[in-house]
Amino acid sequence: MTVRINDILDEISTYIPDADTRIIEKAYVFSARVHQGQTRLSGEPYLNHPLEVAHLIAQMQLDVTSVTAALLHDTLEDSLTRVEDIKTEFGDEVALVVDGLTKISKINFRSEEEQQAENFRKMILAMSKDLRILLIKLIDRLHNMRTLEYHSRNSQQRIARETLEIYAPLANRLGIHWLQVELEELSLKYLDPQGYNTLKTKLDAIAKEKEEYLKDLMSQIQGKLAEMSLAAEVKGRIKHIYSVYIKLKRQGIPFEDVYDVLGTRILLNTVAECYETLGIIHSIWKPIQARIKDFIAMPKANMYQSLHTTVFGPGGERIEIQIRTREMDYIANEGIAAHWRYKDGSRISDQDGEKLSWLRQLLEWQKELKDPREFLQSVKIDLYPEDVYVFTPKGDVKRFPVGATPLDFAYSVHTQLGNQCTGAKINGKIVPLRYKLNSGDVIEILRSSKQHPSKDWLRIVKTSRAMTKIRAWLRTQENEQSIALGKEILEKKIKGLHLHKDIDYETLARDFSFKNTDSFFASIGFGRLSANQVIHKIAPEEQKKITEVPVKKKKQEASSIIVRGVEDLLVRYARCCRPIPGDKVVGFITRGRGITVHRSNCPYVAEVDVERLVPVEWDIAASENHEIEFSVICEDKPGMLGSITASIGSRNINISKMKAYSNSNGSSICVLRVLVKSLTELDGLFHDIRRLKGVVSIERQ
């Protein structure tokens, strides 16, 4: 059913009865005029989109300015409307929000990733001035995801992946649980349709099968709490599809081994009642000790508060029980939107601002990181927190992601402390750098002026701050080494040819378009500029002939890769990620060994100096085989491996290596290497294997 402007006005009247909605009606007319004649991919009028977004914003009970901006959010991008026009018609506040929602579309970027980074960078800057920008942006993405079926398969995958990696985690960080869940499940629906549909079918079946069980469980809890004079509301639920999907993937287990699919939520009036209820539940059913979590005493970064416990319920079923106050439940679902509204035009309070400290961290990264890849990686790291809480020697609390180490702690205090960190004392005992912090640890950093960061540290740390500082130190060191190496290579060449020694290196550097001699020598040291090219420029004609004696070239392997702006370079394919045509790729300059091609998302690429990366692309005319490796988790039963190899053989794809082994949980893992020509061919093969009965998951290595 299409949303009408009256639906939006009616919704606003339920929470701001005396609202002056004339500006909203004006925005509706303005949006209808500038979007006139425009249609969406579905064929419906474009105006339906801003109407839907504005209606969702009203359902979140945001203010009149937010609803107005939602109606206008695409006018700057999709029409000739200017920011000045919005200011004139609707005022500075609305114009600020609308401008913050507008993508950067008039600049030519080198890559899609760079454009994504710059658009996100702009949004972060804008939402630091007004958080409504982010809230509207998330709802805009939600409606786009709800209508993603009309896009091409490639667009669906790209948009869904971006939603899963950035927008769903942002909703989580803002504590808007319902929005996070829907964005995750819609993303999964397009990224792994078969996996989504299979899980949905199984979870729906469990919901039907366990309906009576849940009713009985809730009745028992309600009755016991009533006996203790506790007025509680008890709800039953089945876990969300995406959370189950992630558990299956991480643990490599079949669906039947996921025991805590059922859950209940108990809502009470006070914090004291929550703790009392936890004791009552544990007196009825035996708890699993490792699964008791207190997020009331230690709230999550997104303001989430609740007590969690998993118990062996009736019949031995594992049941997750969440216990919280009604106010906590409201905030758990609505997050910052429940905590901070613009009804009175007020800005965010200092108390609420502290809860958004992660936003200040994002702002810090956008200022420090110029490379789009590093910026997006830092953003993604900061958007996936599972928190541990540790203490400084003075008793101050610091929050870190799960898996963080003493190095992360040291860099959070000061860059120099991080660079000189040799270890730490945890609760009075010395531990190594790789020690993983636990909630409640008291940390004292050990340091030495002789200690320096190493590349191995990048595999130890978990926070983007620590990674950024380590990379900066390594880049400085590597650059200094390359300058010295480049100068040494060139001077040896000059000496070997007995050229005059009074060479003006500054002029020579400018001749090759370098700003200074350091960047000139570094380029030679890195291998971007060859010493022979320099000699050719400065050597007399008779000596040039010496340098131009043809040398028999080492045979180069056939390549499907084109290196932009560079010819006759040895090209290798990285064995760590095994790229194939169709993958997004990047080239890495290796000293004396040409260029190694990696997939853009290869973990190795995230650790190298960005200055040694070069843009590369696939030669569509080439047709060579590439070896890739993938693993299949499946049921451990006769004929399973034969079915998988038959699927591969039916596509005339060669298997170069294969191994299989059984797990104790009744599943098998098959690891295969095959030769394929492109990502399209590989996707087709994966589609065939996923359709086999008994296959749980398939993953490329």
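For the single chain, residues carry numbers from 1 onward in sequence order.
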In chain order, what residues pass the side-chain contact (heavy atoms from CB on, under 4.5 Å) check against E506, with sequence neighbours excluded? D504, R510, T517
Decide yes or no for [X] and [Y]: does some side-chain heavy atom of the first lie under 4.5 Å from some side-chain heavy atom of the second?
| X | Y | result |
| --- | --- | --- |
| R572 | I595 | no |
| L685 | I648 | yes |
| I628 | L682 | yes |
| R471 | K469 | no |
| T163 | R141 | yes |
| P581 | H626 | yes |
| T596 | Y573 | no |
| D583 | R700 | yes |

Side chain to side chain contact (heavy atoms under 4.5 Å, CB included) between Y411 and L417, intermediate numbers included: CA-CA 6 Å; Y411 277 108; L417 183 62; over 6 Å; no
Please round to the nearest 0.5 Å and tell me the distance separating atom [atom1] of [X] and atom [atom2] of [Y].
| X | Y | atom1 | atom2 | result |
| --- | --- | --- | --- | --- |
| Q180 | Y167 | CD | OH | 16.0 Å |
| L679 | K584 | CG | NZ | 11.5 Å |
| H452 | W457 | NE2 | CH2 | 9.5 Å |
| I470 | D456 | CD1 | CG | 10.5 Å |
| L164 | L188 | CG | CG | 8.0 Å |
| I655 | L672 | CD1 | CG | 5.5 Å |

Among R673, K659, R575, the one residue meeting salt bridge (charged side-chain N to carboxylate O under 4.0 Å, His left out) with E629: R673
Assess whether atom NZ of K436 is packed by more than 12 heavy atoms of other residues, nucleotides or ligands within 6.0 Å. no
Does CZ belonging to R691 count more than 12 external heavy atoms closer than 6.0 Å? no
Would you say the side-chain atoms of [X] pair up with the backbone N or O of [Y], donor to acceptor, closer than 3.5 Å?
| X | Y | result |
| --- | --- | --- |
| T645 | L641 | yes |
| Q420 | R447 | no |
| R651 | D688 | no |
| E681 | K677 | yes |

Decide side chain to side chain contact (heavy atoms under 4.5 Å, CB included) for S668 and I633; before the verdict, give the C-alpha distance in whole Å, the side-chain angles of both, and the deciding distance to 0.1 Å. CA-CA 6 Å; S668 286; I633 297 175; over 6 Å; no
Closest heavy-atom pair and its distance - [X], [Y]:
| X | Y | answer |
| --- | --- | --- |
| Q451 | C421 | NE2-O, 3.0 Å |
| A404 | D408 | CA-OD2, 3.4 Å |
| M145 | Y190 | O-CE1, 4.2 Å |
| A410 | G418 | CB-CA, 3.8 Å |
| L101 | K137 | CD2-N, 3.6 Å |
| S412 | R465 | CA-NE, 3.9 Å |

P453 pairs by side chain to side chain contact (heavy atoms under 4.5 Å, CB included) with which of N419, L458, L407? N419
Report the relative orientation of the aromatic rings in F400 and F409; use parallel for angles under 30°, tilted for 30 to 60°, perpendicular for over 60°. tilted
Specify whether F520 and Y505 have parallel, tilted or perpendicular ring planes, treating 30° as the upper limit for parallel and 60° as the lower limit for perpendicular. tilted
Among side-chain atoms of [X] and [Y], is any donor-acceptor pair under 3.5 angstrom?
| X | Y | result |
| --- | --- | --- |
| S647 | S650 | no |
| N516 | S519 | yes |
| R434 | T405 | no |

Step-by-step salt bridge (Lys or Arg N to Asp or Glu O under 4.0 Å) determination, E627 to R578: CA-CA 7 Å; E627 188 177 59; R578 300 183 185 274; 3.0 Å; yes
By side-chain hydrogen bond (donor to acceptor under 3.5 Å, both in side chains) - contacts of S631 (at least two apart): Q701
Ring pair (Phe, Tyr, Trp, His ring centres under 6.0 Å) with F686: which residues, sequence neighbours excluded? F630
May I have the step-by-step check of side chain to side chain contact (heavy atoms under 4.5 Å, CB included) for I689 and V695, ending in yes or no? CA-CA 7 Å; I689 294 174; V695 168; 4.3 Å; yes
Before you tell me yes or no, could you show the steps for L437 and Y435 under side chain to side chain contact (heavy atoms under 4.5 Å, CB included), namely the whole-Å CA-CA distance, both residues' side-chain angles and the distance that decides it to 0.1 Å? CA-CA 6 Å; L437 304 179; Y435 173 86; 4.1 Å; yes
